[in-house]
Amino acid sequence: QVQLVESGGGLVQAGGSLRLSCAASGRAFSNYGMGWFRQAPGKEREFVAAIIWSGDNTYYADSVKGRFTISRDNAKNTVYLQMNSLKPEDTAVYYCAADPKFNSGSYYSPYGIGSWGQGTQVTVSS
């Protein structure tokens, strides 16, 4: 397993931008696909974006496509989520996840994930 620590959350006005970071430690980060999920109060955790081990392929939830970009730097053991054109409905706790399942390019479920970060709060004001 890998240990994950998110950072970069905060309060931003609608239309603004934030960049989340997820620093990983542990075994063979470059073998893991990585994902971002979010959970708003009273709602289930939902898929946001994922990236395969090499960074060559990425995939997104329809709700964030064209606004969010996931990327990774395997030399720094870090994955990023650049969030632009933020909306109040993007308000949630954002979680980083690591699991080989993301390398399939089609894994969207929050269940059966090997490693989670502690989460970082993103609040978008209208």
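Predicted model only: the values in this text are computed from it and were never measured.
Between Asp90 and Lys87 there is no salt bridge, since no side-chain N of the basic residue sits under 4.0 Å from a carboxylate O of the acidic one.
The aromatic rings of Tyr59 and Phe47 sit parallel, their planes meeting at an angle under 30°, below the 60° perpendicular limit.
Remark: side-chain polar atoms of Asn57 are not paired, donor with acceptor, to backbone N or O of Ile52 under 3.5 angstrom. Here the side chain of Gln39 pairs no donor or acceptor atom with the backbone of Ala92 at under 3.5 angstrom. Between the side chain of Glu6 and the backbone N or O of Gly119, at least one donor-acceptor pair lies under 3.5 Å.
By the neighbour-count criterion of 12 heavy atoms within 6.0 Å, atom CH2 of Trp53 is sparsely surrounded, having that number or fewer from other residues, nucleotides or ligands. More than 12 heavy atoms of other residues, nucleotides or ligands sit less than 6.0 Å from atom NZ of Lys65.
One distance of note links CG of Asn74 with OG of Ser54; it measures 8.0 Å at 0.5 Å rounding. Here NZ of Lys101 is found 14.0 Å from OH of Tyr111. Values are rounded to the nearest 0.5 Å.
Trp36 belongs to a hydrophobic cluster with Val2, Leu4, Val12, Leu18, Leu20, Phe29, Tyr32, Met34, Val48, Ile51, Tyr60, Val64, Phe68, Ile70, Val79, Leu81, Met83, Leu86, Tyr94, Val122, Val124, counting contacts under 4.5 Å between side-chain heavy atoms of Ile, Leu, Val, Met, Phe, Trp and Tyr, direct or through other members.
Nearest heavy atom pair, residue Ser126 against residue Pro88, reads CB-CG, 3.8 Å. Smallest separation of non-hydrogen atoms from Asp99 and Gly112: OD2-O, 3.4 Å. In terms of heavy-atom proximity, Arg72 sits nearest to Ser30 at NH2-CA, 4.0 Å. Between Asn84 and Ser17 the shortest heavy-atom distance is OD1-OG, 2.9 Å. What you find for Ser109 and Phe37 is that their closest heavy atoms are O-CZ, 3.5 Å.
Grouping the Ile, Leu, Val, Met, Phe, Trp and Tyr side chains by contacts below 4.5 angstrom, directly or via other members, places Val5 apart from Tyr95.
Here the side chains of Thr69 and Tyr80 are not in contact, with every heavy-atom distance at 4.5 Å or above. Side-chain contact check for Lys76 versus Ser21: every heavy-atom pair is 4.5 Å or farther apart.
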With side-chain contact (heavy atoms from CB on, under 4.5 Å) as the test, would you mind laying out the steps for Thr91 and Gln121 before giving the verdict?
CA-CA 8 Å; Thr91 296; Gln121 177 70 46; 4.0 Å; yes
